[in-house]
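Predicted model, so just to flag it, every value in this text is computed and none were measured. Convention: sequence-line order gives letters A, B, ...; per-chain numbering from 1.
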Amino acid sequence: MKNVIHIIKKEFLQFKRDPKMFGIILVSPVLQLILLGYAATLDVKIVHTLVFDQDRSELSKDYIKRFENSGFFSIDYYATDYNQVTEQINDGDIIVAIVIPNDFEKKIQRHETAKVQLLFNGSDGNTASIVAGYISNITGKFSQNLFPDYFNVNGGRIIPSAQITPVIRIWYNPSLQTRNFMVPGIVGLLLSNITLILASLAIVKEKEVGTLEQLMVTPIKPFELMIGKMIPFIILGFAAVIIVITAMTFIFNIPVRGNIFFLLFASFLYVLSTLGFGLLVSTISHTQQQAMMISIFGIMIPMVYLSGFAFPIENMPKIIQAVSYVIPLRYFITIIRGVILKGLGFTDLWIEASVLFVMGISILLLSSLRFRKKLG
Amino acid sequence: MNSIEVNNLTKKFGSFTAVDNVSFNVKKGEIFGFLGANGAGKSTTIRMLCAILEPTSGDAIVGRYSINKQPDQVKKNIGYMSQRFSLYNDLTVEENINFFGGVYGLEESEFEERKKWVLKIANLEGKEKTLTSSLPGGIKQRLALGTAVIHKPEIVFLDEPTSGVDPISRRRFWDLIHELSSEGITVLVTTHYLEEAEYCNNIILINRGKIIAQGTSDELKKNYIKNTILQIECDKVIEALEILEKQNFVNEVSIFGNSIHIVVNDNYKNEEQIRNLLEKNHSINVFRIDSIVPTLEDVFIHVLEEDKENGSSKN
């Protein structure tokens with residue numbers, strides 16, 4: 001076991017000599033946090049809107065006012081004819097055009113259904129559907145208020161109708177921000193980067209420069225070499241996780257609601273898989289470039305896309321969903337979000353934790369057998 | 001006493017036989033030269049003897065231990081230095097020594113003494129904190145050799161230790177090898193430089209996985225080249241070469257600088273035969289003709305040519 005300590009000591013000395021690597025380790029979590037925390041947002045905050053009000057009545061002005069007061073809509077243009085509407089949509093300056101017909105007020109006063117036309121710039125489908133939701137919400141409220149007004153004017157009574165208005169309460173992410181969904185996932189990405197990519201690079205580097213061969217003729221046993229190579233990256237990985245969690249709590253106000261020790265324990269289980277993959281990559285590649293390519297394109301990218309980190313798994317085709325079951329990051333992301341956002345613990349997430357454990361041990365075992373064989 | 005005994009060692013990679021039934025012995029304290037072209041099977045043999053590659057069949061005793069049965073014991077008792085620089089460039093001189101000293105499990109007091117010794121032979125006393133990458137090539141090799149034998153192994157394997165090192169550093173490196181040998185350490189060395197082979201007590205030449213010649217440098221020269229070698233100094237060397245090639249008394253022709261080496265057979269009578277041919281028939285001035293002792297290079301070219309002919313006649 002002394003040999004393991006010698007190797008760990010050596011690895012840390014080498015980290016110290018490689019400021020670039022240290023940069024990657026310290027800067028990348030912060031950079032990823034900023035990018036995913038601020039830039040990668042799916043929320044729609046300002047809806048650039050054009051209004052073509054053909055009615056120009058009190059009611060239509062009131063209706064438009066509701067949009068302005070909602071805080072989401074910025075009415076950038078008032079069109080005077082239809083050509084302007086088409087033009088603005090084509091230019092891409094506006095997301096939605098609201099066209100109010102000239103019989104808007106008249107129809108409402110006659111208790112008829114008034115139709116409002118909405119023209120969307122659908123090139124960003126996500127935004128368009130979110131905006132459509134906002135608009136129907138505002139319109140719904142507007143028409144609800146119309147009835148009491150109407151009855152008041154006519155001196156009638158309000159007839160309670162069986163109208164159901166959903167009152168939506170959002171749990172876990174009450175401000176409904178993409179950020180809250182994305183940022184905890186970074187913990188998973190970062191751990192993967194460090195334990196998979198950096199660890200495999202560190203082994204392949206020794207292969208490339210020839211020191212691995214020198215180590216093999218010393219009394220160091222392959223498993224000692226393996227453990228000695230992995231422990232430093234586990235330590236670095238956990239350091240990065242703690243940096244991210246701290247930044248998350250203080251910069252983005254996303255505290256860990258659940259038990260942080262369970263989170264760290266789950267991280268350890270997850271790291272078994274990524275270290276296993278890292279080891280596997282190091283047995284396949286001969287150069288650091290190869291190791292980099294294989295670990296990024298062969299493992300990291302499929303893992304990230306299929307894990308539910310960015311896109312919900314429920315929306316994927318059945319076959320892809322089936323594939324996602326073999327992705328360790330999927331389970332880890334579930335645990336991270338569960339612990340951080342929902343405050344869940346072992347009793348809720350023991351299945352995911354067990355899957356990670358079994359996967360990690362199997363991947364690590366298979367890879368280390370291959371590693372031993374390849375060293376011979 | 002034999003330090004290494006190799007018995008019918010064979011290594012196959014799929015259908016390719018890299019090392020084919022090789023047997024030889026190395027005496028304690030001997031400098032043993034292991035020669036051959038690239039891909040001849042030198043490195044594969046050494047890797048098996050270092051117990052990092054399992055033989056397909058056969059065994060070897062390396063310092064009393066079997067490479068098949070006691071690989072861990074073998075590793076503790078050997079040193080190994082490969083052609084690629086095998087220390088950590090991003091560690092300092094001292095950190096490298098500390099690491100390898102630690103890995104070989106040296107005790108504190110012994111370690112301090114060996115560390116001093118390594119620094120001394122590498123000429124790095126007082127430069128312990130220098131980053132290894134900034135050392136000149138020759139010094140690096142000496143440091144690598146020093147760390148490879150920091151645990152005082154009985155045997156050290158050097159796989160092309162001097163490739164890419166300048167001639168003066170090479171010479172100094174060989175002085176160091178002699179020093180190790182005089183302390184009783186057995187040295188098995190592979191090299192491309194034939195003048196280095198002259199420093200070895202014993203030499204084997206390996207080709208296509210088989211031993212094709214072995215003995216001391218003198219034995220090789222006597223036993224493998226029976227025919228006389230002549231060195232001819234003349235002008236118009238190329239023209240002379242082309243003429244000599246066609247003569248029935250000449251077996252092999254090669255250029256050595258400004259002169260020509262020819263291996264002659266029984267049809268050769270005397271110097272006049274050559275002078276007449278070149279001077280009278282072709283007006284090439286012949287300055288000198290000497291009968292020479294073959295160099296190791298002559299021997300190896302000859303033996304390899306023969307092996308090639310045997311190989312092609314078999315196929």
(message) Whether the side chain of B/Gln141 engages the backbone of B/Pro161 through a donor-acceptor N/O pair (distance < 3.5 Å, no angle test) should be reported.
(response) yes

(message) Looking at B/Lys42 and B/Glu160, is any side-chain nitrogen of the basic one under 4.0 Å from a carboxylate oxygen of the acidic one?
(response) yes

(request) Using a heavy-atom cutoff of under 4.5 Å, enumerate the residues of residues 261-277 of chain A that contact chain B, numbered in order, or state 'none'. (result) none

(request) May I ask you to decide whether A/Glu213 forms a salt bridge with B/Arg84, counting only side-chain N to carboxylate O separations under 4.0 Å? (result) no

(message) Holding to ring-ring contact (aromatic ring centres under 6.0 Å, His included), I want the full list of residues that pass it with B/Tyr104, two or more places apart in sequence or in another chain.
(response) B/His151

(request) Return the option, out of B/Ala51, B/Ala144, B/Ser86, with the maximum number of heavy-atom pairs under 4.5 Å with chain A. (result) B/Ser86

(request) Name the region of B/Leu131, side chain, backbone, both or neither, that has any atom closer than 4.5 Å to a heavy atom of chain A. (result) side chain

(request) Would you list the pairs meeting salt bridge (charged side-chain N to carboxylate O under 4.0 Å, His left out) in which at least one residue belongs to residues 124-134 of chain B, sequence neighbours left out? (result) B/Glu94-B/Lys129

(message) Parallel, tilted or perpendicular: which one describes the rings of A/Phe233 and A/Phe15, with boundaries at 30° and 60°?
(response) perpendicular

(message) Which atoms of A/Val209 are under 4.5 Å from chain B, going by heavy atoms: the side chain, the backbone, both sets, or neither?
(response) backbone

(request) Check whether B/Asp90 gets within reach of chain A through its side chain, its backbone, both or neither, counting any heavy atom under 4.5 Å. (result) both

(message) Quick check on A/Ile7 against chain B: is it the side chain, the backbone, both or neither that has a heavy atom closer than 4.5 Å?
(response) both

(message) Please output the residues of residues 218-230 of chain A in contact with chain B, using a heavy-atom cutoff of under 4.5 Å, in numerical order.
(response) A/Thr218, A/Pro219, A/Ile220, A/Lys221

(request) Give the intermediate values and the outcome of side-chain hydrogen bond (donor to acceptor under 3.5 Å, both in side chains) for residues B/Ser163 and B/Gln83. (result) CA-CA 7 Å; B/Ser163 58; B/Gln83 64 222 57; 5.9 Å; no

(message) Can you give me the closest heavy-atom contact between B/Ile78 and B/Pro153, atom names plus distance?
(response) C-CB, 3.5 Å

(message) Just so I know, are the side chains of B/Phe34 and B/Ile204 near enough to count as touching, which here means a heavy-atom distance under 4.5 Å?
(response) yes

(request) Determine, stepwise, if the pair A/Val355 / A/Tyr325 fulfils side chain to side chain contact (heavy atoms under 4.5 Å, CB included). (result) CA-CA 10 Å; A/Val355 173; A/Tyr325 282 107; over 6 Å; no

(message) Let me confirm one number: the CE-CD1 distance from A/Met300 to A/Ile197, rounded to the nearest 0.5 Å.
(response) 5.5 Å

(message) If I compare all heavy atoms of B/Cys50 with all of B/Lys75, which pair ends up nearest, and what's the gap?
(response) O-CG, 3.9 Å

(message) Can you tell me which of A/Ile5, A/Leu13, A/Leu215 forms the most heavy-atom pairs within a distance under 4.5 Å of chain B?
(response) A/Leu13

(request) Determine whether more than 12 heavy atoms belonging to other residues, nucleotides or ligands lie under 6.0 Å from atom OH of B/Tyr193. (result) yes

(request) With a 4.5 angstrom heavy-atom cut-off, could you sort out which part of B/Phe85 is near chain A: side chain, backbone, both or neither? (result) backbone

